[in-house]
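All chains are named by letter (A, B, ...) in the order of the sequence lines, taking the proteins before the strands, and each is independently numbered beginning at 1.
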Amino acid sequence: MTAPSAFVTRVLLVVSRIPPGRVATYGDVAALAGRPRAARAVGTIMRTAGRGGLPYHRVVAAGGRIGGYGGRPQVKAALLRAEGLVVRGTRIGSFAGCRWRPR
DNA sequence: ACCGTGACGGCGG
DNA sequence: GCCGCCGCCACGG
C-alpha cells in the first residue's frame with residue numbers, strides 16, 4: 001500500500017467537505033488544498049483515485065461548466081439536480097449562488 | 001529519472 | 001458564446 005501524497009490527501013479532504021447543494025471548481029479545490037495552479041492535477045487525482053465515497057460530482061469546471069466525470073457529464077448533472085441545483089445543458093444555473101466558499 | 005497523459009484554467013480568435 | 005492553443009501540475013508506465 002503506497003501512501004497517498006499529502007496533496008492527494010488534502011484534495012480528498014476538501015472534496016469531502018463540500019456540502020450537498022453546493023459546488024466547488026477544480027481550481028477552488030486545488031487552492032484549498034494548497035496548490036492554486038494545480039487544477040488540472042486535481043482532475044488527474046480524481047481520475048486515478050477513482051471513487052472513495054466522496055461527492056466528486058460537486059466538483060465542476062470553471063464558470064460552473066460541467067466537465068469530467070469520466071466523460072459522463074449527464075450523470076453528473078443528474079446528481080447535481082437531485083441536490084436541488086439548476087443545470088442547463090452543460091452548465092450550472094446561478095453558479096455564483098451555489099458555489100461553496102469555506103471561510 | 002524521463003516522457004506522455006489528462007475529470008483544468010485563462011485568453012484570444 | 002463556442003472552439004482552439006498554451007501553460008500549469010501530479011500521476012503512472
- Can you check the Gln74(A) CD to dA7(B) P distance for me, whole Å? 16 Å

- Between Arg22(A) and Glu83(A), does at least one N-O distance fall below 4.0 Å, as a salt bridge requires? no

List every contact pair, protein side and nucleotides 10-13 of chain C side both N or O, where the distance is under 3.5 Å.
from    : atom 1 : to       : atom 2 : distance (Å)
dA10(C) : OP1    : Arg35(A) : NE     : 3.3
dC11(C) : OP1    : Ser5(A)  : OG     : 3.2

- Task: Supply the atom-to-atom distance Tyr56(A) OH to Ile45(A) CD1, rounded to the nearest 0.5 angstrom.
- Result: 9.0 Å

- Task: Any chance you could measure Arg17(A), atom CZ, to Leu54(A), atom CG, to the nearest 0.5 Å?
- Result: 13.0 Å

- Item | Enclosure of Arg81(A) CZ (heavy-atom neighbours >12, cutoff 6.0 Å) | yes

- Side-chain donor/acceptor of Arg58(A) to backbone N/O of Val15(A), under 3.5 Å: no

- Task: Grab the NZ-P distance between Lys76(A) and dA7(B) for me, whole Å please.
- Result: 11 Å

- Item | Partner nucleotide of dG4(B) by Watson-Crick or wobble geometry (both distances under 3.5 Å) | dC11(C)

- Message: What is the distance, to the nearest angstrom, from the CZ atom on Arg65(A) to the P atom on dG1(C)?
- Response: 13 Å

- Thr25(A) vs Val59(A), side-chain contact (heavy atoms from CB on, under 4.5 Å): CA-CA, chis, key distance, verdict: CA-CA 5 Å; Thr25(A) 69; Val59(A) 182; over 6 Å; no

- Query: Is there a Watson-Crick or G-U wobble partner for dG12(B) with both distances under 3.5 Å, and which nucleotide is it?
  - Reply: dC3(C)

- Value in whole Å for how far the P atom of dC6(C) lies from CZ of Arg40(A): 13 Å

- Item | Separation of dC8(B) C1' from Ile66(A) CD1 (nearest whole Å) | 14 Å

